[in-house]
Amino acid sequence: DGCDLPGWRCQRIAPCMNSTQKRNSVVVDIESPLEGTLNIGAGSTLMRRESQFPFISSKVLCCGSGPNNKSHDEHDNNNCWWYSAKQRFDIPPSSDRDAPVVDHDDAATLVDYVTNSEVSDSGQRKITMFCREYEIKNRPVKIVGATEGWPAMPCYESVGDIPDERQHYQEINHNWRDVGVTSELLSGGGKGGWTFANLLSRFGNVSFRFSDTHGEMMSLQTYTKYITNPEGLSDDSPLGIYDSEFGDDDSPTSVLLEEYSVPKCFSPDLFDFVDDDATTAETNEETTGNECSGCVESDEKSGEESNQATNIIPRPPYRWVLIGPERSGTGMHVDPLWTNAWVTVLQGRKRWLLFPPDTPHAAIGMVNDKPQIPSSIWFRDFYDTVTSPSWPEEYKPVEVLQYPGETVYVPAGWPHLVLNLELTVAVTHNYASEHGPFFERMWKEVAQDEPDFAVAWYSGLEKCGRGDLTRVAPPEISDQVELKDDRVNALGHR
């Protein structure tokens, strides 16, 4: 996983990697003893031996203990970039960069939308206000109120009288606090739902994936040891869980699909419009050809029935459970296949930066053939530059401070990165929208990266009466569909 590679902690931005700290007016060298605990072998060996050295809390290391010690908020943070950065990024963004906020019920309101494609029985297609104002215009936004009725959403107690539970969380920023490495770390002050503590009690022995690229896994119990012991506490950018298989039929966590739903404000996910017959035409001699497996809105299809046949080509990964401690996060990237995305936080806080699609990638640290810069390091090295007055206005980022219960919408083509400010649990989906400026690019990339899926998608859209959406498909995809249709017809005439 990279934790034991030389230089993994070379940036030394974690508080427990400071070389010295003052305790009761005495300067204490903490670098040597901590380094000694880290150099005992591979990460798995370290986790098996955590009982051989004392539990080390980042708060204790920076602040010590006892009534005469100051809190880390009062300490000189010159030697601790992370504490000062965390305080800085816990403040709402400036108004000129802050993302707009929309209430989910308002965003889900249906409005008329007339196009040249087929229309509804009333003579007009209906889309949501959100689709008209944000998907079509390809603008980021923060949504509040989308988690109403979700069993996944924990209950958080608020301080003082709050007249409207949907009011912007920035107005009650004082209710959220840094819990540090304490028992409260695992719940973030929440009860029930998808707090880390609750997931740990339910799925502690279940292994979760760290990435779609290498498939490495770790049980949630072991992961808890990692994030609460020196290895995780000292990593510049700790490991985060990115599990795209949590909802698979054979997964013990598939029950989680029943505990949230796709917010109704979004347009239907076009990747649900897949013709299963098109993927099995060469192996099945009988095909009905009169059903559209994807002709449902994405919030009505949880996906648990997909892939029941072993010869059905699965859709690309599109939903993830995200878990990570403070300083973890996702480096600068553009979501695959020109899809839109939404991310809902259930526990913790996230800081976002999203850049317009035309922003030069090299200027924001995205360089071809070079490793992705960890989110925490990127914020340290790039944030002041991209938020300075000298940064080009046309590339000005949209910034978000996200709290539990809030959903961030990421439009297609927008480079973005995310930094976790504390232990965070979230759920995210990518979805294909017919709206926005990049639909033709989406077709080209799907055809190039997922050619078999592209054929099934093309066929499904045609069967669902959405031939208007296949006109921009690359010609090689339509040719393959015609070839498969010819094979099906030949089989039918045997």
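Because the structure is predicted, anything quoted here is derived from the model rather than measured. Below, all heavy atoms of this structure are taken into account, side chains as well, without hydrogens, waters or symmetry copies.
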Novice: How close do Asp248 and Arg319 get, counting heavy atoms only, and between which atoms?
Specialist: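 Looking at all heavy atoms of both residues, the closest pair is N-NH2, 4.4 Å.
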Novice: Apply the test side-chain contact (heavy atoms from CB on, under 4.5 Å) to residues Leu354 and Val410: give CA-CA distance (whole Å), side-chain angles for both, the deciding distance (0.1 Å), then the verdict.
Specialist: CA-CA 8 Å; Leu354 305 95; Val410 183; 4.0 Å; yes
Novice: Just checking, any donor-acceptor pair under 3.5 angstrom between side chains of Thr344 and Thr407?
Specialist: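 There is such a pair between these side chains.
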Novice: Any salt bridge between Asp384 and Arg88, counting N to O under 4.0 Å?
Specialist: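 A salt bridge is present here (some side-chain N lies under 4.0 Å from a carboxylate O).
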Novice: So does Lys137 pair up with Glu133, basic N to acidic O under 4.0 Å?
Specialist: yes
Novice: Side-chain contact, heavy-atom cut-off 4.5 Å: Val255 with Phe203?
Specialist: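 Yes, their side chains come closer than 4.5 Å.
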Novice: Under a 4.0 Å threshold between the charged nitrogen and the carboxylate oxygen, would Glu259 count as salt-bridged to Arg202?
Specialist: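 Salt bridge flag = yes for Glu259 with Arg202.
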Novice: Would you call Glu231-Lys225 a salt bridge at under 4.0 Å N-O?
Specialist: no
Novice: Is the shortest side-chain N to carboxylate O distance from Glu326 to Lys86 below 4.0 Å?
Specialist: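 Salt bridge between Glu326 and Lys86, a charged N being under 4.0 Å from a carboxylate O: yes.
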Novice: Could you pull out the closest heavy-atom pair between Arg139 and Pro411, with the gap in Å?
Specialist: C-CG, 3.4 Å
Novice: For the pair Ser459 (side chain) and Val455 (backbone), establish whether a donor and an acceptor sit closer than 3.5 Å, ignoring hydrogens and angles.
Specialist: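 Here the side-chain-to-backbone pair does not exist.
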Novice: Find the distance between OG (Ser201) and CG (Leu199) and round it off to the nearest 0.5 Å.
Specialist: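 Answer rounded to 0.5 Å: 7.5 Å.
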Novice: How long is the gap from OG on Ser261 to CH2 on Trp150, to the nearest 0.5 Å?
Specialist: 6.0 Å
Novice: Flag the pair Asp468 and Arg466 as a salt bridge only when some basic side-chain nitrogen lies within less than 4.0 angstrom of an acidic carboxylate oxygen.
Specialist: yes
Novice: Over all heavy atoms of both residues, which pair between Val141 and Pro100 is shortest? Give the atoms and the distance, please.
Specialist: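 Shortest heavy-atom contact: CG2-O, 3.3 Å.
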Novice: Answer yes or no: is there an ion pair linking Arg327 with Asp235, defined by an N-O contact shorter than 4.0 Å?
Specialist: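 Between Asp235 and Arg327 there is no salt bridge, as every charged N stays at least 4.0 Å from the carboxylate O atoms.
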Novice: One pair to check against side chain to side chain donor-acceptor pair (under 3.5 Å): Thr195 and Gln347. What are the steps and the verdict?
Specialist: CA-CA 6 Å; Thr195 63; Gln347 174 185 326; 4.6 Å; no
Novice: Is a donor from one side chain sitting under 3.5 angstrom from an acceptor on the other, for Ser219 and Ser207?
Specialist: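 Absent: no donor and acceptor within the cut-off.
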Novice: Okay, side chain of Tyr383, backbone of Leu353: is any donor-acceptor separation there less than 3.5 Å?
Specialist: no
Novice: Let me know which of Trp338, Tyr318, Tyr431, Phe453 forms a ring pair (Phe, Tyr, Trp, His ring centres under 6.0 Å) with Phe271.
Specialist: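 The single option meeting the ring pair (Phe, Tyr, Trp, His ring centres under 6.0 Å) with Phe271 is Phe453.
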Novice: To check you understand the geometry: which heavy-atom pair defines the closest contact between Leu401 and Asp90, and what is its length?
Specialist: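 That closest heavy-atom pairing would be CD2-O, 3.3 Å.
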Novice: Please tell me if the side chains of Pro316 and Leu337 come closer than 4.5 Å, counting only heavy atoms from C-beta onward.
Specialist: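 Yes, their side chains come closer than 4.5 Å.
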Novice: Are Phe89 and Phe379 close enough that their ring centres sit under 6.0 Å apart?
Specialist: yes
Novice: Can you check whether Gln372 reaches His333 side chain to side chain, under 4.5 Å on heavy atoms?
Specialist: yes
Novice: Answer yes or no: is there a side-chain heavy-atom contact under 4.5 Å between Ile136 and Tyr113?
Specialist: yes
Novice: Do Trp194 and Val345 come within less than 4.5 Å of each other through their side chains, counting heavy atoms only?
Specialist: no
Novice: Might you work through the side-chain contact (heavy atoms from CB on, under 4.5 Å) test for Val398 and Arg97, ending with a clear yes or no?
Specialist: CA-CA 5 Å; Val398 173; Arg97 295 191 305 272; over 6 Å; no
Novice: Among side-chain atoms of Ser267 and Glu135, is any donor-acceptor pair under 3.5 angstrom?
Specialist: yes
Novice: About how many Å separate NZ of Lys350 and OG of Ser375, when rounded to the nearest 0.5 Å?
Specialist: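 One gets 9.0 Å once the value is rounded to the nearest 0.5 Å.
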Novice: Where do Ala447 and Ala454 come nearest, in terms of heavy atoms and distance?
Specialist: CA-CB, 3.9 Å
Novice: Between Trp352 and His416, what is the ring plane arrangement, given parallel below 30°, perpendicular above 60°, and tilted in between?
Specialist: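 Parallel, since the angle between the ring planes stays under 30°.
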Novice: State which residue, out of Val111, Asp106, Ile143, Thr109, fulfils the side chain to side chain contact (heavy atoms under 4.5 Å, CB included) condition with Phe130.
Specialist: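 Checked Val111, Asp106, Ile143, Thr109 against Phe130; only one passes side chain to side chain contact (heavy atoms under 4.5 Å, CB included): Ile143.
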Novice: Find the distance between CG (Asp243) and OG1 (Thr253) and round it off to the nearest 0.5 Å.
Specialist: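 Interatomic distance, Asp243 CG to Thr253 OG1, rounded to 0.5 Å: 6.0 Å.
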Novice: Hey, are the side chains of Phe355 and Met366 touching, using non-hydrogen atoms and a 4.5 Å cut-off?
Specialist: no
Novice: Are side-chain heavy atoms of Leu423 and Ile227 found at a separation under 4.5 Å?
Specialist: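 Result yes, sub-4.5 Å side-chain heavy-atom pair found.
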Novice: Give, for atom OG1 of Thr359 and atom CE of Met332, the distance between the pair rounded to the nearest 0.5 Å.
Specialist: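 The OG1 atom of Thr359 sits 8.5 Å away from the CE atom of Met332.
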Novice: Does any part of the side chain of Tyr260, heavy atoms only, come nearer than 4.5 Å to the side chain of Thr147, both counted from C-beta?
Specialist: no
Novice: Taking all atoms of both residues into account, what is the closest heavy-atom pair of Ser237 and Ser376, and its distance?
Specialist: CB-OG, 3.8 Å
Novice: Closer than 4.0 angstrom, basic N to acidic O: yes or no for Glu434 and Arg125?
Specialist: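 Result for this pair is yes, salt bridge flagged.
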Novice: Is a side-chain donor-acceptor pair under 3.5 Å present for Asp358 with Tyr395?
Specialist: no
Novice: Kindly say whether Pro230 contributes a backbone atom to a donor-acceptor pair with the side chain of Ser234 at under 3.5 angstrom?
Specialist: yes
Novice: Is there a side-chain contact (heavy atoms from CB on, under 4.5 Å) between Glu245 and Arg209? Walk through the geometry before answering.
Specialist: CA-CA 8 Å; Glu245 299 182 354; Arg209 292 166 62 91; 3.3 Å; yes
Novice: With side-chain contact (heavy atoms from CB on, under 4.5 Å) as the criterion, how do Phe210 and Tyr223 come out once you've worked through the C-alpha distance, each side chain's angles and the decisive distance to 0.1 Å?
Specialist: CA-CA 11 Å; Phe210 288 118; Tyr223 184 70; 3.9 Å; yes
Novice: Asp96 and Lys396: salt bridge (charged side-chain N to carboxylate O under 4.0 Å, His left out), yes or no, with the steps?
Specialist: CA-CA 9 Å; Asp96 63 320; Lys396 178 185 288 187; 3.4 Å; yes
Novice: Taking Thr128 for its side chain and Cys265 for its backbone only, find out whether a donor-acceptor pair lies under 3.5 Å.
Specialist: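 At least one qualifying donor-acceptor pair exists.
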Novice: With a 4.0 Å cut-off on N to O distance, would you call Lys191 and Glu157 a salt bridge?
Specialist: yes
Novice: Check whether any side-chain N or O of Asp275 sits under 3.5 Å from a backbone N or O of Trp457 as a donor-acceptor pair, and report yes or no.
Specialist: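 Not confirmed, Asp275 side chain does not pair with Trp457 backbone.
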Novice: Does a salt bridge link Arg315 with Asp269, judged by any charged N lying under 4.0 Å from a carboxylate O?
Specialist: yes
Novice: Let me confirm one number: the CH2-NE2 distance from Trp320 to His429, rounded to the nearest 0.5 Å.
Specialist: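 Here the rounded value is 9.0 Å.
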Novice: Hey, is the main chain of Ile364 close enough, under 3.5 Å, to the side chain of Trp378 for a donor-acceptor pair?
Specialist: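 Yes; judged by distance alone, with no hydrogens or angles, the pair exists.
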Novice: Verify whether one side chain among His435 and Tyr134 offers a donor that lies under 3.5 Å from an acceptor in the other.
Specialist: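 His435 vs Tyr134: no donor-acceptor pair found between side chains.
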Novice: Taking Asn198 for the side chain and Gly193 for the main chain, is one N or O donor matched with an acceptor at less than 3.5 Å?
Specialist: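 Side chain of Asn198 to backbone of Gly193: a pair is present.
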Novice: After noting the C-alpha distance and the side-chain angles of Tyr242 and Asp212, does the key distance pass the side chain to side chain donor-acceptor pair (under 3.5 Å) rule?
Specialist: CA-CA 8 Å; Tyr242 296 80; Asp212 291 324; over 6 Å; no
